Amino acid sequence: MSLDSLKSRIPDYAKDLKLNLGSVIGNSDLPAQQLWGTVLATAIAARSPIVLRELAPEAKANLSPEAYNAARSAAAVMAMNNVFYRTRHLLSDHEYGNLRAGLRMNVIGNPGVDKVDFELWSFAVSAINGCGMCLDSHEQVLRKAGVDRETVQEAFKIASVIQAVGSTLEAEAVLADVADIE
C-alpha cells in the first residue's frame, strides 16, 4: 500500500488528480513531519477508506509515533470543531458566539508535537471541512509563528487533492457496484 498504489487506482478521466497527487506529496518542500502529518490528517478528514488504507502506512513509516498520533488527533478534534464553529458562524443569530462552547479541546494546547505542525494539520483538515472561522484562526496562528503563505498554501493544496482523490475513488467504487447490478 502506497502512494503509487493509490495513483494507479485513479481513473484516466481524472489524470490531473494523479499528477497532482504525485506532485503535492512527491515534490513537496514541506519537512517530512509536516508533509506526512498533513497527508494523514487530511486522508482521515476526506473520509475515504481507500485513500486512508493506501496512505496511512506510508504516513506511519514517515512519522514518529507521537506525530502519527498527533495527526490523528488533529483530524479528530477538528472534525468536532469544524462543525461547531462553522455552525456558530453560519447562524444568523450571532448571540451563539457569546455562549461558552463547553467542548474539550485539550489536545490543541498539548498535541505532543511542535505546535506549528499541529496547527498546519488542523488548518488542512479545516480546509476539507469548510470551516472559515477555523481556517482563519489556524492561519493567523501559523502566520504569527512565522510560517510563510507558501507553506500554508501547500497544506491546502494537499487537502484539496486528497479530498478530490477520495471523492473520485469513492464514486468509482459506487459506479462499479451499480455496473455489477445492471
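From a predicted model like this one, the values you see are computed outputs, not experimental measurements.
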When you measure from the side chain of Trp121 to the backbone of Gln34, do you find a donor-acceptor pair of N or O atoms at a distance under 3.5 Å?
yes
NZ on Lys115 to OG on Ser122, rounded to 0.5 Å
7.5 Å
Heavy-atom side-chain contact between Ile50 and Leu6 under 4.5 Å:
yes
Working to the nearest 0.5 angstrom, can you tell me the gap between Leu55 CG and Ile25 CD1?
5.0 Å
Can you name the closest pair of heavy atoms from Ala127 and Phe156 and give their distance?
CB-CB, 4.1 Å
Going by atom types alone, do Asn20 and Ser23 pair a side-chain donor with an acceptor below 3.5 Å?
no
Would you check if the side chain of Ser73 reaches a backbone N or O of Asn69 as a donor-acceptor pair within less than 3.5 Å?
yes
Can a donor-acceptor pair be found between the side chains of Ser5 and Glu54 at a distance below 3.5 Å?
yes
Residue pair Val83 / Ala79: nearest heavy atoms and the distance that separates them
CG2-O, 3.5 Å
What's the shortest heavy-atom distance between Arg88 and Ala101, and which atoms?
NH2-N, 3.8 Å
Can you see which heavy atom on Ala145 is nearest to which on Val116, and at what distance?
CB-CG2, 3.7 Å
Decide whether Tyr13 and Glu172 meet the rule of one side-chain donor and one side-chain acceptor closer than 3.5 Å.
yes
Would you say the side chain of Cys131 lies within less than 4.5 Å of the side chain of Asn81, judging by non-hydrogen atoms?
no
Please check this pair: side chain of Arg143 against backbone of Val147, looking for a donor-acceptor N/O pair closer than 3.5 Å.
yes
Is it true that a side-chain atom of Ser48 and a backbone atom of Val51 form a donor plus acceptor pair closer than 3.5 Å?
yes
Closest non-hydrogen atoms of Ala75 and Val125, given as atom of the first, atom of the second and distance, are CA-CG2, 4.0 Å
Ser167 side-chain N/O to Ala164 backbone N/O, donor-acceptor pair under 3.5 Å
no
Tell me if a side-chain donor or acceptor on Arg86 pairs with a main-chain N or O of Cys134 at a distance below 3.5 Å.
no
